[in-house]
> 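Structure incoming, see below.
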Amino acid sequence: MNVSGQHYRTIWLDGESHEEVRIIDQRFLPHRFEVETLACVDDVATAILDMHVRGAGLIGATAGFGMYIAALQADRHSDQAFMESLRAAGEKLKATRPTAVNLAWAVDRQLAAIAAVEGIESKISTAKKTARTIADEDADFCRRIGRHGVHLIEEISRRKSGRVVNILTHCNAGWLAFVDYGSATAPIYEAFDRGINIHVWVDETRPRNQGAGLTAWELGEQGVPHTVIVDNAGGHLMQHEMVDMVITGTDRTTVTGDVANKIGTYLKALAARDNGIPFYVALPSSTFDWEMEDGVREIPIENRGEEEVKFIQGLESGEIKTVLLTPDKSPAANYAFDVTPSRLVTGLITERGICSASRDGVLELYPERNSS
Ligand code: MRU
């Protein structure tokens with residue numbers, strides 16, 4: 001997508017022989033646009049853990065490139081030593097963030113692809129190719145999510161005789177959370193490009209404010225009308241017919257349709273249900289967990305440091321500053337995600353189409369996953 005009119009992806013290979021991994025360092029957005037080079041596996045692990053990159057799709061793509069860096073720097077004494085270094089790198093990356101399933105998915109996909117070829121040079125070129133494929137697929141799947149999801153917005157626009165369609169989103173499931181396009185935002189960008197009259201309510205998304213800082217920034221760069229709201233405003237807007245639909249992303253969705261997403265998503269789904277507003281979740285298939293059945297019981301919820309709740313970052317006199325919000329001694333809890341049960345989800349928007357949030361719906365789109 002565009003930054004000051006120039007096209008960017010969130011992660012790419014650069015340098016003379018395309019061996020350097022570059023990312024947009026999201027910690028400083030929307031105030032400063034910075035590109036960072038990830039030079040070793042530790043850099044990649046830090047970038048994921050400390051959220052220089054974040055969002056399920058991008059975490060997966062970064063892990064894919066991380067495994068390529070691991071292959072470039074692995075022990076070359078033998079194929080076995082090489083594979084052992086790679087497996088250790090994979091474990092290090094997987095340990096960074098537990099909720100987004102794309103992370104383990106990308107590491108395991110790389111390990112399987114690399115193990116399947118003989119010889120260290122072939123293994124390295126396979127790691128590079130697989131990293132690029134994961135990233136390209138992520139962008140392509142998000143673009144397709146846009147093509148499917150736009151029909152839902154078109155339908156509401158028709159029903160409202162072209163009056164503005166108000167869409168509420170939570171956190172950042174935009175292009176910054178993927179390689180390009182985004183999941184929840186892909187139908188929004190597609191609708192905007194088709195000239196549909198839309199407006200987006202952007203939840204600020206405490207504690208790290210991915211909505212206020214990232215979603216608002218990227219919608220602004222594309223010229224999409226939007227308004228930032230505090231996290232607790234959504235229910236009020238829904239009661240007053242100021243929201244036509246909700247679209248969020250997800251970090252892990254069970255095969256039964258339970259959705260883990262940024263903390264606070266569940267409350268939006270409850271309010272949407274109480275007000276008869278459709279609640280859609282957009283995801284590429286890399287975000288399905290094909291093993292898990294019960295999201296509330298089984299999906300691991302990341303518990304992050306209390307400083308993200310106690311402090312807040314902003315711009316003052318042109319400088320990015322961090323200030324204390326709470327009494328210094330008050331403890332804080334920082335559950336990063338929650339689970340919205342499938343019964344509250346109107347539908348899932350995937351790269352293959354839209355389905356109900358149920359095992360039958362999901363497996364109808366992905367019949368190859370039907371093991372019974
Ligand atoms: O903690 P984050 O910023 O990585 O969380 C991101 C979200 O919760 C997004 O909504 C989610 O990843 C879905 S879109 C990839």
Side-chain angles (χ1 to χ4, degrees), residues 10-11 23-27 29 47-63 96-103 105-106 134-135 137-139 141-142 145-146 149 168-189 200 202-218 231 246-253 258-269 279-289 295 299-305 308-309 313 334-340 345 348-351:
T10 49
I11 188 163
I23 55 161
I24 298 173
D25 188 341
Q26 301 188 18
R27 287 172 302 165
L29 289 173
I48 297 173
L49 182 68
D50 293 346
M51 294 172 67
H52 310 198
V53 291
R54 26 68 50 207
L58 179 55
I59 290 171
T62 306
T96 52
R97 295 196 71 191
T99 303
V101 73
N102 302 57
L103 174 53
W105 168 85
I134 289 171
E137 229 175 66
D138 182 86
F141 284 7
C142 284
I145 286 168
L168 184 140
T169 192
H170 190 69
C171 194
N172 174 264
W175 72 272
L176 289 169
F178 289 88
V179 173
D180 212 343
Y181 302 104
S183 58
T185 53
I188 292 171
Y189 291 133
V200 184
V202 179
D203 279 355
E204 63 176 348
T205 321
R206 277 282 290 151
R208 286 189 69 116
N209 294 308
Q210 291 95 328
L214 304 178
T215 305
W217 179 74
E218 58 162 274
D231 284 332
V246 180
I247 314 180
T248 73
T250 166
D251 286 78
R252 188 186 294 239
T253 290
D258 294 338
V259 168
N261 194 47
K262 182 54 55 193
I263 193 79
T265 303
Y266 171 50
L267 294 178
K268 294 300 139 66
F279 183 95
Y280 283 95
V281 175
L283 72 157
S285 46
S286 50
T287 307
F288 279 114
D289 187 318
I299 297 178
I301 298 297
E302 182 178 12
N303 217 332
R304 292 184 63 84
E308 292 183 350
V309 177
Q313 177 178 290
N334 189 4
Y335 299 97
F337 299 93
D338 60 24
V339 175
T340 300
V345 179
L348 302 173
I349 312 170
T350 77
E351 77 273 5

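Numbering starts at 1 and runs along the sequence shown. All ligand and atom numbering here is 1-based and tracks the order in the structure.
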> Looking at atom 5 (O) of ligand 1, what's its closest protein heavy atom, distance included?
Lys262 CE, 3.3 Å
> Got the closest protein heavy atom to atom 14 (S) of ligand 1, with its distance?
Ala173 CB, 3.4 Å
> For ligand 1, is Glu302 a contact, meaning one of its heavy atoms is under 4.0 Å away?
no
> Without swapping roles, check the side chain of Thr169 against the backbone of Thr248 for a donor-acceptor pair under 3.5 Å.
no
> Compare Met51, Arg54, Arg208 and give the one whose heavy atom is closest to atom 6 (C) of ligand 1.
Arg54
> Check ligand 1 against Arg97 and write out every atom of the ligand that is under 4.0 Å from a heavy-atom position of the residue.
1 (O), 2 (P), 4 (O)
> Which option wins on minimum heavy-atom distance to atom 15 (C) of ligand 1: Ala56, Gly60, Pro284, Gly249?
Ala56
> Between Gln210 (side chain) and Gly55 (backbone), is there a donor-acceptor pair under 3.5 Å?
no
> For ligand 1, which part of Cys171 has a heavy atom less than 4.0 Å away: the side chain, the backbone, both, or neither?
side chain
> Tell me which part of Thr265 gets within contact of ligand 1: side chain, backbone, both or neither, using heavy atoms under 4.0 Å.
neither
> Within the 4.0 Å heavy-atom shell around Phe337, which atoms of ligand 1 are there?
1 (O), 5 (O), 8 (O)
> In the protein, what heavy atom is nearest to atom 11 (C) of ligand 1, and what distance, to one decimal place, separates them?
Asp251 OD1, 2.9 Å
> Do Arg208 and Arg54 pass the side-chain contact (heavy atoms from CB on, under 4.5 Å) test, and can you show the C-alpha distance, the side-chain angles, and the key distance before you say yes or no?
CA-CA 11 Å; Arg208 286 189 69 116; Arg54 26 68 50 207; over 6 Å; no
> Within the distance-only criterion (no hydrogens, no angle test), does the side chain of Thr96 pair as donor or acceptor with the backbone N or O of Leu49 below 3.5 angstrom?
no
> Using atom types as modelled and distance alone, determine if a side-chain donor or acceptor of Glu308 lies under 3.5 Å from a backbone N or O of Asn334.
no
> Do Arg252 side-chain atoms and Pro98 backbone N/O form a donor-acceptor pair below 3.5 Å?
yes
> Give the residue, atom name and distance (to 0.1 Å) of the protein heavy atom nearest atom 10 (O) of ligand 1.
Asn261 OD1, 2.8 Å
> Counting only N and O atoms by type, is there a donor-acceptor contact under 3.5 Å from the side chain of Thr10 to the main-chain atoms of Phe178?
yes
> Would you indicate whether the side-chain heavy atoms of Ile299 and Asp289 approach each other to under 4.5 Å?
no
> Counting C-beta onward and ignoring hydrogens, is there a side-chain heavy-atom pair between Thr340 and Tyr266 closer than 4.5 Å?
yes
> Side chain or backbone of Thr287 under 4.0 Å from ligand 1, or both, or neither, by non-hydrogen atoms?
neither
> Of all the atoms in ligand 1, which lie at a distance below 4.0 Å from a heavy atom belonging to Asn172?
9 (C), 10 (O)
> Is a side-chain N or O of Asp203 found less than 3.5 angstrom from the main chain of Asp231, in a donor-acceptor match?
no
> Run the numbers for me: atoms of ligand 1, each under 4.0 Å from some heavy atom of Phe178, listed by number.
14 (S), 15 (C)
> If you have a sec, work out which protein heavy atom is nearest atom 13 (C) of ligand 1 and how many Å separate them, to one decimal?
Thr250 N, 3.1 Å
> May I ask you to check if ligand 1 and Gln210 share an N or O to N or O distance below 3.5 Å?
yes
